[in-house]
Amino acid sequence: MDVGSFAIRAALLLVSLAVHHKGIARGAGCDLYKGIWVRDEAYPLYDASRCPFMEKEFDCLKNGRPDRDYLKYRWQPKAGCNFPRFDGGHFLSQVLKGKSIMFVGDSLSLNQWQSLTCMLHVALPQANYSLVRTGDLSTFSFPGYGAKVMFSRNAFLVDMVSTSHGVALMLDSIKGGDLWKGIDVLVFNTWHWWLHTGRKQPWKFIQVGKARYHDMDRLVAYEKALTTWAKWVETNVDTAKTRVFFQGISPDHMNGSDWGEPDARNCEGQKDPVFKTSPAGHHPAQLVVEKAIGAMPKPVAVHLLDVTALSQLRKDGHPSVYGGHGGHRAMDCTHWCLAGVPDTWNELLYAALLRS
């Protein structure tokens with residue numbers, strides 16, 4: 001390589017580093033979670049058809065969704081704050097090289113994990129990858145970078161145990177957490193399954209210590225479980241070495257009154273976001289999450305990936321009838337189409353990792 005070429009490449013590298021640094025610096029004094037959705041023709045970040053491993057339930061276009069405007073929105077923080085545009089090459093070669101990231105939670109964690117695997121694969125389509133599923137653990141690897149993007153399906157975080165009395169939801173036990181140890185970046189999530197009753201409820205009773213309860217207020221049970229999770233993190237994770245995030249609460253859109261359209265029965269037919277800077281009210285489960293994280297000792301650094309308010313504005317982002325079953329068979333106003341809203345969650349995750 002001649003001197004001139006070396007100088008040009010060195011200059012480009014410095015510009016690249018400066019751009020990433022600028023993104024971090026501008027975001028450092030900003031609340032990236034307060035803002036508005038703006039139309040941006042440069043979006044989406046990827047074409048779902050280029051992700052051969054895409055879960056059918058999230059591929060809304062393939063399932064027949066006719067409109068595409070929902071793909072064209074970018075999250076813009078207020079007060080001129082910006083966060084760096086997602087750079088899959090930089091993420092793999094600098095942020096995640098030789099490391100592992102694990103999403104732990106229910107199908108909303110699956111939604112975010114699937115989003116990130118697509119964002120990375122489409123950014124580097126020539127990079128070799130492997131996808132292995134063993135039980136409730138899915139591992140997407142980029143062997144050339146020594147990087148792993150993992151998903152551990154665990155709907156409650158705390159343990160469910162089969163007993164002679166039936167399946168118990170153990171609010172004070174996380175023996176399953178052994179799987180999470182040694183991971184470089186952990187992204188936790190739980191909420192969606194806490195409201196299930198009847199046949200969708202996977203446990204027969206709740207147990208705390210030796211006390212068994214047929215049921216209890218679900219927010220109370222949720223708070224007890226998150227307190228157990230917080231103690232597990234304090235005891236088992238060196239947050240100086242492992243970055244820990246909580247995904248926040250992913251809202252559904254089953255009631256139009258929640259976004260000022262009482263005539264809208266649910267998310268079906270919604271084609272645009274709510275164009276305001278914040279939704280009305282606070283999600284009660286989000287307040288429980290904030291309380292649990294806020295009560296942790298200061299040296300324990302858990303970052304709240306505060307996606308709740310910005311996602312509440314995206315009534316248009318769900319599969320509705322274009323989910324896993326395809327056609328007009330089921331209504332899904334809980335999960336998110338991909339490409340879509342979870343891509344923004346991962347952009348914010350990327351920004352948070354760059355800050356560190």
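Keep in mind it's a predicted model, so treat the numbers as computed, not measured. Hydrogens, waters and symmetry mates are skipped; everything else that's a heavy atom, side chains included, is used.
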Kindly give the heavy-atom pair with the smallest separation between Ala168 and Trp203, and that separation in Å. C-CB, 4.5 Å
Phe140/Tyr129 aromatic ring centres below 6.0 Å: yes
Answer whether the closest heavy-atom distance between the side chains of Met102 and Val185 falls below 4.5 Å. no
Parallel under 30°, tilted from 30 to 60°, perpendicular over 60°: which one fits the rings of His253 and His318? tilted
Is the ring pair Tyr350/Phe91 parallel, tilted or perpendicular, if the boundaries are 30 and 60 degrees? tilted
Between Glu57 and Asn111: side-chain donor-acceptor atoms closer than 3.5 Å: no
Would you check if Tyr73 and Val341 make a side-chain contact, meaning some heavy-atom pair closer than 4.5 Å? no
Heavy atoms from other residues, nucleotides or ligands near NZ of Lys62 exceed 12 (cutoff 6.0 Å): no
Would you indicate whether the side-chain heavy atoms of Glu347 and Met119 approach each other to under 4.5 Å? yes
Taking side-chain hydrogen bond (donor to acceptor under 3.5 Å, both in side chains) as the test, write out the residues that go with Tyr70, two or more places apart. none
Name the one of Phe103, Phe151, Trp232 that satisfies ring pair (Phe, Tyr, Trp, His ring centres under 6.0 Å) with Trp180? Trp232
Looking at side-chain heavy atoms only, is the closest gap between Asp184 and Lys241 below 4.5 Å? no
What class does the angle between the rings of Phe58 and His335 fall in, given that below 30° is parallel, 30 to 60° is tilted and above 60° is perpendicular? tilted
Residues Trp336 and Pro251: closest non-hydrogen pair is CZ2-O, 3.5 Å
Do Leu45 and Arg85 touch side chain to side chain, with heavy atoms closer than 4.5 Å? yes
Taking side chain as C-beta onward, heavy atoms only, is Val288 less than 4.5 Å from Glu223? yes
Applying ring-ring contact (aromatic ring centres under 6.0 Å, His included), can you list everything that pairs with His303, at least two apart in sequence or on another chain? Phe245
Pair Asp69 + Lys72, salt bridge at N-O below 4.0 Å: no
Are the side chains of Phe188 and Val302 in touch, meaning some heavy atoms are under 4.5 Å apart? no
